[in-house]
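Shown below is the structure under consideration.
Quick note: numbers below take in every heavy atom, side chains included, and nothing from hydrogens, waters or symmetry partners.
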Amino acid sequence: MLINSTLSGKKELLLPIHNNRVNLFVCGPTVYDNSHIGHARTYIVFDVVARYLKHKGYSVFYLQNVTDVDDKIIQRATETDASPRLLARKFEQKYLEDMQALGVTNVSYYARASEHIPEIINQIERLIEKGYAYETETGVYFDESRFHDFGKLSHQSVEDLEKHRIEPDPTKRNPGDFSLWKKRQDGPEVTWDSPWGKGRPGWHIEDTAITENYFGAQYDIHGGAMDLIFPHHEAEIAQMEATSGKKPLVRFWMHTGFLNVNGEKMSKSLGNFTTIRDMLKKFDADSFRFFVLSSHYRSPIDFSEDALDQSKKSLERIRQAAKLIEAEIEGSPSTADVASSEKEANDPSILEARARFLDSMENDFNTPYALRAVFEMVRDINRRLNEKSISRNALIDARNLLDEFGQILGIGFSPATGSRAENSEDKTGKLIELLIDMRQKLREKKDWALADEIRNRLTEQGIVLEDAKTGGGKYSIR
RNA sequence: GCCAAGGUGGCGGAGCGGCUACGCAAAUGCCUGCAGAGCAUUACCACUCCGGUUCGAAUCCGGACCUUGGCUCCA
């Protein structure tokens, strides 16, 4: 399959370093606050990347770091008079809950920075030995002038990078040198002993220490959002390629586009963010996943409630078709053709839908194009259901295919809500069903006046009835 | 200033040399006691601008313009 590489700017063929194994690393959160839906976009995208690679038969190890030692955590802890460690744990827990709620379930291992301090120190020592890093009164820095590939990922020259907005630490040799170890003591929980005295790691070093520990000096895919290209990922390349002498650090750098609001990047510093929790109060996770996957992962997307509403409706279309398919399968009792349903799918239209979907995913995870295949299949099935020109076998194949698609995208396409059986757990549900049954008897007697009155008065109570042809029907509580 | 990503129908959003997606919204029809929901069909021939290459360009090559982002906090 083809994956776009930020390094080359081109799509390249995925050939894993270790046979069938794909090592995937994605930059995780800095746990000092609730995550917002911009983060959610990135993590949903890489969840689908992992799902698809697994579906292809690769053994995927998906590693994610958790930055639990950081200036912002310390700052927030100081402001709120909290312990930095407990603050980090609290937001890490909330992050994991958010991911669970979004169906982001394919991370194999979360690695905390604070639990990899020995690996970090070890890597810094090797960088100093090789002459790529030096110590000053304030810390240990990477000497950018020694690493000639610096800037290759962000396509900038070292001279371009001389410009800076933040006043550099005066002890550094070059303004572009970045911190590996900070000689700071901000409290016992965020201070460790090192050959350079007490302190804590710089921002970039944890990722390469962690990936080297689990993957070695080189691995297959590194993901993150575009804002990490510089300086973060550039620094990772410098650190690891300098340490190991092996290039490239990763085969594929994959970067997701931003989630914008009114054309502006959503970010904590701008204050225009919606947390995942708040979003999920208004929309279900599947609608949000659908919204995210409706655009290509590298394109910017503009978040709005209208856009989410539209995604919800689009998803409903697929689910509605799944309902019709299911009802038709249930409704047509097993006949002679059931025996042959064991066979592989052979309906040409369904085979084509599957091929198109998978081809789209093969081409740099083109989920919008893959969704097109889903819609085209849905329309075709609907039409044939109307014409009663589809076999039970084909319907079963279609159902299975929708399940397969749903599995890859992490979206439930199968009908799940609002059925009478599910709502009949409680007494209210039973009472409503009783009314529906009574009303159905009235309808059979063609007592439309009374039947309509029952429906209207239930609607007033927020209970919306949807009659079905055969009677019964469904209801939903608003 | 340098680097990057974009600019496509009413809206969202693919395509990236010919077959001009897909979805939402719209119109018509079907279904229905009615309503809702649903389904089908149809219409919409759109690609920021200016040059060029080509039999043919949204797509390739020049050159503008605009938007957003990065340039040591960021998914």
Minimum-distance nucleotide to Phe258(A) side chain [options: rG13(B), rG38(B), rG69(B)]: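 Out of rG13(B), rG38(B), rG69(B), the nucleotide with an atom closest to Phe258(A)'s side chain is rG69(B).
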
Options rC39(B), rA14(B), rU72(B), nucleotide nearest the side-chain atoms of Asn386(A):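 When the side chain of Asn386(A) is considered, rC39(B) is the closest of rC39(B), rA14(B), rU72(B).
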
Nucleotide of rG23(B), rA75(B), rG33(B) approaching Ser314(A) most closely (side-chain heavy atoms):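 For the Ser314(A) side chain, the nearest candidate turns out to be rG23(B).
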
Plane angle bin for Phe291(A) and Phe288(A) - parallel if under 30°, tilted between 30 and 60°, otherwise perpendicular: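 Plane angle between 30° and 60°, so tilted.
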
Ser299(A) side chain near rA14(B) phosphate (N/O to OP1/OP2, under 4.0 Å):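 Looking at the OP1 and OP2 atoms of rA14(B), one of them is under 4.0 Å from a side-chain N or O of Ser299(A).
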
For atom CG of Asn260(A) and atom P of rG6(B), their distance in whole Å: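 After rounding, the gap between these two atoms is 13 Å.
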
Plane angle bin for Tyr43(A) and Tyr95(A) - parallel if under 30°, tilted between 30 and 60°, otherwise perpendicular: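 Ring orientation, 0 to 90° scale: perpendicular.
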
Side-chain N or O of Asn382(A) closer than 4.0 Å to phosphate OP1/OP2 of rA40(B):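 Yes, within the criterion.
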
Lys312(A) vs rC24(B): side-chain N/O to OP1/OP2 distance below 4.0 Å: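 No.
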
Phosphate-side-chain proximity, His155(A) and rC3(B), N/O vs OP1/OP2 below 4.0 Å: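 Result: no.
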
Phosphate OP1/OP2 of rG33(B): any Arg443(A) side-chain N/O under 4.0 Å: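 Negative; the distance criterion is not met.
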
Nearest-angstrom distance, P atom, rG12(B) to rG33(B):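 The answer is 40 Å between these two P atoms.
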
OP1 or OP2 of rA37(B) under 4.0 Å from side-chain N/O of Arg319(A):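 No, because none of the side-chain N or O atoms of Arg319(A) sits under 4.0 Å from OP1 or OP2 of rA37(B).
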
